[in-house]
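Let me begin by presenting the structure, written as structure tokens, before commenting on it.
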Amino acid sequence: MSTGTGMVHADASQDLTRSRPGFTSFDGVQVSYFEYGPSADAAPTIVMTGGWPGDSSNQEPFAQQLAAKYHVVRYDQRGSGASDHPEGIDKYSLENLAGESGAVIDATAPGHPVHVYGEAWGPFIASEYAHLHPEGRVASLTSVGMPSVDLGQDALKRAMIDPAKYPQVAPQLAVGSYWAVLQPERAPEAVIGTGLPTIAINILSYATSGDWDALRNSDLTREPTNAYDTSSGVNKYRALVRERVLFGSHYDYLPIPQERLFQLEGDWIETDLLVDGLEQRTPHLVKKYVPGSHFDFMDVSGDQIRAGLEQAISETDPKAK
């Protein structure tokens with residue numbers, strides 16, 4: 001069940017880049033969202049969220065860029081930002097994350113298809129939502145890197161029985177080992193609570209984007225992420241490992257009309273191995289390699305990613321034609 005503040009209609013005098021905040025709920029958890037641009041009745045809707053660690057605020061510059069032409073919605077997943085931070089691993093299941101995403105869509109774009117953009121958790125959640133709701137509410141998905149945990153781990157398993165791919169498998173498993181590090185309860189939170197991991201993450205975030213002024217002037221214990229959000233978000237990985245990694249994928253096909261995949265040439269976290277064979281597991285895949293890494297892709301390839309997102313919308317949304 002979801003409840004929302006209702007759609008806010010932008011008028012001609014309104015600054016379309018200014019966010020219009022709202023809340024909805026799913027499974028008793030309050031979820032914060034922000035709308036930009038015209039209403040869903042007037043323009044195609046783009047939905048985006050954050051990853052881990054942190055909330056969705058790092059998506060605001062891109063949301064503001066898109067707002068002149070599109071109805072843009074960014075939201076904070078449970079355990080981040082202004083959304084509730086519930087306790088319990090089960091609260092952070094991929095199904096619950098997909099459910100709250102659906103609640104946001106229903107509150108901000110009722111009766112309209114949406115286009116999802118993101119990297120990591122945004123696409124993971126959208127793919128789960130599309131699996132649970134295959135009627136086509138998600139008209140397109142533009143993902144930077146692997147769009148689906150289920151399809152990604154299936155691709156990795158196929159590679160693990162192919163000796164020719166062992167040189168690729170070993171580094172991918174090594175990089176993904178941080179998922180295992182996060183599994184013990186309380187210990188990761190105790191380390192995060194010292195504040196040192198948060199400071200390190202924030203320094204890395206500013207340094208890789210070249211934002212030296214922000215690095216010098218920000219409170220690195222709170223910006224762009226903080227220990228509270230980081231600790232809560234650990235439960236997403238715990239739930240994911242217990243649901244999918246240990247017991248297998250829930251689906252092997254992604255029923256989204258168009259998937260735009262931007263594979264980063266410098267990404268060593270989500271390598272090309274994880275999207276091998278994806279063209280056989282979704283109706284229409286457009287794949288492009290772009291410069292950049294997991295940490296700087298919008299600075300390096302933002303224009304190409306935006307162009308691809310807009311192309312996907314123009315090909316799948318009647319309001320864009």
Side-chain angles (χ1 to χ4, degrees), residues 44-51 73 75 77 93-106 109 112-160 172 176 179 236-237 239-241 243-245 247-264 267 269-290 294 297 305 308-317:
T45 296
I46 300 172
V47 178
M48 57 182 69
T49 186
V73 180
Y75 74 95
Q77 298 162 39
S93 69
L94 200 50
E95 185 172 349
N96 277 334
L97 294 173
E100 73 179 15
S101 176
V104 171
I105 292 170
D106 289 341
H112 295 281
V114 300
H115 307 271
V116 178
Y117 158 77
E119 183 267 338
W121 280 100
F124 299 168
I125 293 167
S127 294
E128 179 74 5
Y129 179 82
H131 161 64
L132 296 172
H133 303 275
E135 62 274 7
R137 190 71 185 279
V138 178
S140 73
L141 170 59
T142 299
S143 66
V144 179
M146 176 178 70
S148 162
V149 170
D150 292 64
L151 299 185
Q153 75 169 8
D154 285 350
L156 182 59
K157 288 177 181 177
R158 292 193 301 271
M160 291 173 68
Q172 181 63 70
W179 287 25
K236 294 190 294 188
Y237 289 91
L240 196 60
V241 167
E243 286 179 351
R244 306 296 165 93
V245 177
F247 294 100
S249 301
H250 287 195
Y251 61 89
D252 61 3
Y253 191 79
L254 189 56
I256 295 176
Q258 185 170 145
E259 153 67 12
R260 290 261 170 169
L261 170 63
F262 288 93
Q263 190 65 21
L264 300 174
D267 194 358
I269 295 179
E270 294 179 15
T271 67
D272 205 37
L273 192 70
L274 300 177
V275 294
D276 184 47
L278 182 60
E279 66 278 2
Q280 301 166 6
R281 293 169 174 82
T282 195
H284 181 58
L285 174 68
V286 179
K287 180 179 179 181
K288 184 175 183 178
Y289 290 91
V290 294
H294 200 70
F297 60 87
I305 293 169
L309 169 61
E310 295 200 69
Q311 185 66 31
I313 294 171
S314 70
E315 293 177 4
T316 57
D317 198 306

> Checking side-chain contact (heavy atoms from CB on, under 4.5 Å) for the pair D272/K287: CA distance, chi angles, key distance, verdict?
Replying inline: CA-CA 11 Å; D272 205 37; K287 180 179 179 181; 2.9 Å; yes
> Passes side-chain contact (heavy atoms from CB on, under 4.5 Å), W179 versus L240? Steps please.
Replying inline: CA-CA 9 Å; W179 287 25; L240 196 60; 3.5 Å; yes
>> Assess the residue pair H112 and T45 against the criterion (side chain to side chain donor-acceptor pair (under 3.5 Å)); give the C-alpha distance rounded to whole Å, side-chain angles, the decisive distance to 0.1 Å, and a yes or no.
In response: CA-CA 8 Å; H112 295 281; T45 296; over 6 Å; no
> Do D106 and R137 pass the salt bridge (Lys or Arg N to Asp or Glu O under 4.0 Å) test, and can you show the C-alpha distance, the side-chain angles, and the key distance before you say yes or no?
Replying inline: CA-CA 10 Å; D106 289 341; R137 190 71 185 279; 2.9 Å; yes
>> Pair S101, L97 - check side-chain contact (heavy atoms from CB on, under 4.5 Å), show working.
In response: CA-CA 6 Å; S101 176; L97 294 173; over 6 Å; no
>> One pair to check against side-chain contact (heavy atoms from CB on, under 4.5 Å): T142 and H115. What are the steps and the verdict?
In response: CA-CA 8 Å; T142 299; H115 307 271; over 6 Å; no
> Can you list the steps and then say if S143 with E119 is a side chain to side chain donor-acceptor pair (under 3.5 Å)?
Replying inline: CA-CA 6 Å; S143 66; E119 183 267 338; over 6 Å; no
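By the 4.0 Å N-to-carboxylate-O rule, D276 lies too far from R281 to be salt-bridged with it. A salt bridge links R260 with E315; the closest basic N to acidic carboxylate O contact falls under 4.0 Å.
With no hydrogens or angles considered, a side-chain donor-acceptor pair links Y251 and S148 at under 3.5 Å. A donor and an acceptor atom, one from each side chain of Q77 and T49, are located under 3.5 Å apart.
Here the shortest heavy-atom pairing between L261 and G145 reads CD1-O, 3.0 Å.
I269 contributes atom CD1, which lies 9.5 Å from atom CD of Q172 (distance to the nearest 0.5 angstrom). Atom-to-atom distance recorded for S249:OG and E243:CD is 11.5 Å, nearest 0.5 angstrom. Taking CG of L94 as the start and CH2 of W121 as the end, the distance is 6.0 Å to the nearest 0.5 Å. Once rounded to the nearest 0.5 Å, the distance linking CD of Q280 with CG of D252 reads 11.5 Å. Note that CG of L309 and OG of S140 are 6.5 Å apart. Values are rounded to the nearest 0.5 Å. Rounded to the nearest 0.5 angstrom, L151 CG and F124 CZ are separated by 11.0 Å.
At a threshold of 4.5 Å between non-hydrogen side-chain atoms, the residues Y253 and H131 do not count as touching. Residues Q263 and V290 form no side-chain contact, since every pair of their non-hydrogen atoms from C-beta on lies 4.5 Å or further apart. Annotation: side chain of V47 is not in contact with side chain of Y117 (no heavy-atom distance under 4.5 Å). Taking the side chain as every heavy atom from C-beta outward, I313 and I46 approach each other to under 4.5 Å.
In this structure, Q258 contributes its side chain and A139 its backbone to no donor-acceptor pair below 3.5 Å. In terms of modelled atom types and a separation under 3.5 Å, the side chain of S127 and the main chain of P123 share a donor-acceptor contact. Between the side chain of T282 and the main chain of H284, no donor-acceptor pair closer than 3.5 Å is present. When atom types are taken as modelled, the side chain of S93 and the backbone of N96 share a donor-acceptor pair closer than 3.5 angstrom. The backbone N or O of H250 lies less than 3.5 Å from a partner atom in the side chain of D150, making a donor-acceptor pair.
Residues passing the salt bridge (Lys or Arg N to Asp or Glu O under 4.0 Å) test with E128, sequence neighbours excluded: R244. For E259, the salt bridge (Lys or Arg N to Asp or Glu O under 4.0 Å) criterion is met by no residue, not counting sequence neighbours.
Heavy atoms of other residues, nucleotides or ligands lying less than 6.0 angstrom from CD of E95 number 12 at most.
Checking L141, V116, L285 one by one against I256, the side-chain contact (heavy atoms from CB on, under 4.5 Å) holds for a single residue, L141.
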